[in-house]
Amino acid sequence: MYVELVECSNMDFDKRRFVLASDRDLEDIFASNADTVLINTAMGEAVRGQGPSSQPRPNSRSGMKALAERQEVASRIHQSAAGLKNALSGFMTDGEADYRVFAPMAKDLTDAMRETPAIALELTRMKTKDEGTFVHSLAVGAMMARVGEAMGVDAHGVEMLGLAGVLHDFGKLLIPNSILKKQGALTPQERGVIHSHPQLGYHKLKTYRGMPEMILDVCLHHHELLDGSGYPDKLRDQGISTEVRISTVCDVFDALTSVRSYKKAWTTEQALSWLFENEARFDRKVVVKLAEITDAYALSA
Ligand SMILES: [Fe+2]
Ligand SMILES: [Fe+2]
């Protein structure tokens, strides 16, 4: 069993990655005051859980109830995707629009996420071909809001993170479908056009009244990576804000766990494991929070 992280005040364990060699090691962890223990299931046995202070979570939900809940989640998602598609097309054609037209949508999204925690994860698996970008945007918005909440961001900040996620790929709406939805390999020139979506979105969003700087920052920089290998500005480390780091992790997690024409969807565990292994590029604190959120969902589903 590969222990990715133990969060506790005991310095013997805190922030260490190690292979759990014996039952004695496991007993030592449970005897500590650990808040959270994350086991990297891709590296070993599939056992994950929380520390001794946590109550065991119920896992006896009936299949019928779970199915009904999934259908409810699916219907809310498809309604929201249709609503987002309408709102974004109105936003595109009306240069005087105020970004606050999206505020009720961000609130709905964060409220729905609190009522049904499954939404953030189910969103990633429920895209139809036509609504791909819209559902991706909702999924990233919901995950960013949840991660922000888990990191202690206040209610207004959580809503703004949700909105930043909803708008992060706005620039893709400005790219012709012949390139965006092209089947098969892209030419270097077409790849260049797709890679321009952060700047396209940023310049368009900047023309709207009152657009918060944080949302512009997320739109322009959500493909930047901590080691400087991202785009468009090749920012590194401290040059990348916390909100952008949250967006990068959530964006990549959604991409990895989605089915694409050229690949199968990765499982949550595979995607988290890959993000943990690439800590030079993705903020480990954010990945840990995302892992805690997905773990809570997995154990309560
Ligand atoms: Fe993007
Ligand atoms: Fe994206």
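In listed order, ligands and their atoms are each counted from 1. Since the structure is predicted, the reported quantities are computational estimates derived from the model, not experimental observations.
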Per residue His168, nearest N, O or S atom to the Fe ion (ligand 2) is named NE2
With rounding to 10 degrees, His222 NE2, the Fe ion (ligand 1) and His223 NE2 define an angle of 90°
Taking the Fe ion (ligand 1) as the apex, NE2 on His197 and OD1 on Asp169 give an angle, to 10°, of 90°
To the nearest 0.5 Å, atom CZ of Arg146 lies from atom NZ of Lys289 at 12.0 Å
With the side chain counted from C-beta on, respond yes when Leu205 and Leu167 share a heavy-atom pair under 4.5 Å apart, and no when they do not. yes
Open item on the list: Tell me whether the Fe ion (ligand 2) has Asp251 as a neighbour, meaning an N, O or S atom of it below 2.8 Å.
Closed with: yes
Output for pair (Asp283 CG, Leu226 CG), nearest 0.5 Å, gives 6.0 Å
### Query
Hey, do the aromatic rings of His168 and His223 have their centres closer than 6.0 Å?
no
